[in-house]
**Q** 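Have a look at this one before I ask anything.
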Amino acid sequence: MRLRSVLCVLFFFVISLSILSRAQQSVPYSVMVWESGLQESHIENAIGAPDLSPLDEEAFFIDSTSVDYWLIVKTEESSPVIFTTSKPIGVSLVLFLFENGKVVESNEVNASSSSSPFIVIERPESQQVAVKLTSKAKTKITFSVVPQNVFVDQNNIRIAWNGLQAGLVAMIALIMVGFATVRKGERTIYGAIYFVGVALLSMSLTGISEVLIGPLPAQVVSDNNGFWLIIALFSSISYYRLTYQVRDFEPTIDAFIQGLRIAFVFLALLELWKGVPITLLFLSLTVTLVLNLGLVIRFSKTTSIKKVVLMAWLTLAGLVCYWIASQLFNSMPYRLVNVTQIAVTVHVILLCAAMLLREVQRQKTFVYYSLHDDETGSPNKNFLFRVLRQKMEENKEHSLLLFKAFVVEQTRINFGMDYAQKHLKILISKLNEQLSVLSKTPIEVTDSGPSYLFRLEDSVFAIIIGGKLELSTVEQFVCLLSSVFEEGVKYKGAQLVDQLEVGVANYPMHATSPDQIVQRALQAMSVKTMSADRWHIFDVANSVISERKLKISAALRDALESEQFELYLQPQVCLKTGQVYGAEALLRWHHPILGQIPPDQFIPIAESSGIIHSLTEWVVEKGLTYQKVLSEIYPEHVLSLNISGKDLARRELPVHLITLLTQLDLSPSKITLEITESATIGNMNTIRGVFEDYRQIGVKMAIDDFGTGYSSLAYLTQLGFDELKIDKQFVMNMENIPSNQTICNATCDMSHSLGSSVVAEGVESQTAYLLLKKYGCDYGQGYYIARPMPFDEYVQWLGESITSYAATSNLSR
């Protein structure tokens, strides 16, 4: 449709210009031609030359570039008339007006100018005109003798026609320059330069440049026609080279284009210096036309744009072919300048139309991919939010089902990006086909079929279920999804079994905005339960937990900087003697708004956010500072510090620890670093190396929470730990659970056989204390002994315990 519109506009444009350019009736006159090397100083002799040949028509064909031609014009009119002639590019001429054998006026027009020269014959009965012609190529000259009033009408028509043509081309050039200025892309800049070059050529060709830009700039434009042509050719091939990305697809063609670009740069410099023969300019134009046509045919994939661009270059190619034929067969078309103007104008309009069509298509593509996933073509998050917003504005009840397919990421990791993308497209196609059974109205219908699925994130997809929330309907959708994904992904004998996480939220039950309903569905999808439920609906309790986690994450760094953390100490005693062994440093956080936040809530968040490193360093610094004071009170005091698994292999921590031990003059053997059992699971060589690094410092290494991980005692023995801590879940109710007694007894025996001491956590009763003492457990800590307490209280407790133990020892003696 757009192509037909462009062609209609061009048709009416050409017809109107043809009407404007019709020739006017001239007065009778005679013209004779003389081919000679006559000098201008002897022009008077040309009037009476015996070998002048009369012309039968109002045109003269120059078929030789080696000699000059003279035209002698006479008329029998009695009133003043005006002699005017055409002036093709490449032709230089001199108009002489002489009276009674003497030159009274001359007008010289050089080869680069394109103005229409004329001279006034005020007394035709005694005045005559002589024209000296020199051409760089074969061409045709037209001329006429007309009354002054007719000449004025002709000149007005010529100015209107030339102004319309040149103004249109110049306007398009200015639009392209503005477009390139806004876009600032290399390709658009080359396109703008091409249009500017063509506009300057058009202004020079029509002779309208003096009217548009003034005499002096017009002279500069006319004198450098070849330069503007070469610049335009250079820009055109550069534009198509970037448009079709020739460098990426055809290196050989690109090498040829690069060589041609270099040649054009050389020609442009040569044209400015000495000038380039017109035949070489036309050869350059011909090569460029062929190359551009080839690039368009080879690389253009858009049919409508391809047709417009082909017509644009074929219009110019037809003009060049006709000009070349005229040189070969000595036949020049009548009014070639007018035909050239029409061809150039049509060429520029078509190219401009193609660029605008390409820009429209680019904008459509941009809009499409702003609403669609570029990997699968499915509607994306923006599309989802637009549909949700529309449904909420229309107050239509609906539910949002989100599901996460883990196989998408795992397929990329194990089988590669290409295979994952191919498999994902197959899955999307199957899902849309299956969803068409449950959903009657698709999101959109494209060439690839109806779409019922949104891609919210990389592995997260969305389905909108219209109507009231029905659990049975949701279950049907979940069953459908499971049936598509349950087969997993197969690749060369290997198979990845897929699993889904599904969350559902409803409007208006759970949310009142698109952002809120997506958030609620994501929260439901992220719920982890031990049940066999395949999907979860949004629950307010889960939302409160998620919001609290978010607030904790946001407050962590500020809490560290504002000293909101505090280190509590929980005593450890020797179960055999009751003497104080040391204490475990326990981190506490009392937030001014959120209140007391236990470590099992903020430590995982600190680990995932990366703040754990700074937090561990703070604990080490504060703990060793406390140990300095405690060792002065009780030299045998041992301080246990918990180290996160995220810090286990961090090389900066041992250096920091050595520095503090040296500065505070502390004994490394009185420091124990506790590592959770789960943190030790991994590369044995790496973990053993980390343990060895700390052991070389002189500190003790303890395995914390033993029994809660997945490792065996045999596995842990390879690390060479100094201390094993039995987890409190086996100690707190051991008097009532025989199996826990068995575990504690066996753990003590095995640990002692490996040369390691045992610490029991969660000692909360005398019975547990006595049983552990019976099993040979070395140390214990728990509420029965003492609760965790701030440093000042612990110092007081430590002093009282030392005094009490000393008194008890004296009594026992």
**Q** Would you say that V182 contacts T188 through its side chain, given a criterion of any heavy-atom pair below 4.5 Å between the two side chains?
**A** no
**Q** Compute both the distance and the angle, then confirm whether R261 meets the cation-pi test with F264: under 6.0 Å from the six-membered ring centre, within 45 degrees of the axis.
**A**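 Judged by the rule, R261 and F264 form no cation-pi pair.
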**Q** Under 3.5 Å, side chain of H347 to main-chain N/O of A312, donor-acceptor pair present?
**A**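 Between the backbone of A312 and the side chain of H347 there is a qualifying donor-acceptor contact (under 3.5 Å).
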**Q** Please say whether more than 12 non-hydrogen atoms of neighbouring residues, nucleotides or ligands are located less than 6.0 Å from NZ in K306.
**A** yes
**Q** So do F299 and F249 actually touch side chain to side chain, heavy atoms under 4.5 Å?
**A**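 Heavy-atom side-chain distance check passes, below 4.5 Å.
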**Q** So do the side chains of T288 and S236 get within less than 4.5 Å of each other, counting heavy atoms only?
**A** yes
**Q** Are Y244 and R298 side-chain neighbours, meaning at least one heavy-atom pair lies under 4.5 Å?
**A**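 A side-chain contact under 4.5 Å is absent here.
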**Q** Can you list every pair that meets salt bridge (charged side-chain N to carboxylate O under 4.0 Å, His left out) and has a residue in residues 312-322, with sequence neighbours left out?
**A**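 Qualifying pairs: none.
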**Q** Distance check, rounded to the nearest 0.5 Å: L267 atom CG versus L283 atom CG?
**A** 9.0 Å
**Q** Looking at L260, I237, L233, N292, which one forms a side-chain contact (heavy atoms from CB on, under 4.5 Å) with V287?
**A** L260
**Q** With E99, which residues qualify under salt bridge (charged side-chain N to carboxylate O under 4.0 Å, His left out), at least two apart?
**A** R123
**Q** Kindly indicate whether the side chain of Y239, heavy atoms from C-beta on, has any atom under 4.5 Å from the side chain of R187.
**A**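 Yes. Closest side-chain heavy atoms under 4.5 Å.
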**Q** Is L295 close to I257 at the side-chain level, that is, under 4.5 Å between some pair of heavy atoms?
**A**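 Result yes, sub-4.5 Å side-chain heavy-atom pair found.
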**Q** Do Y240 and V246 touch side chain to side chain, with heavy atoms closer than 4.5 Å?
**A**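 Not touching, per the 4.5 Å side-chain cut-off.
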**Q** Closest approach of Y369 and N380, non-hydrogen atoms and distance?
**A**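 What the structure gives for the nearest pair is O-ND2, 3.8 Å.
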**Q** Side chains of R241 and Q258: closer than 4.5 Å at any heavy-atom pair?
**A** yes
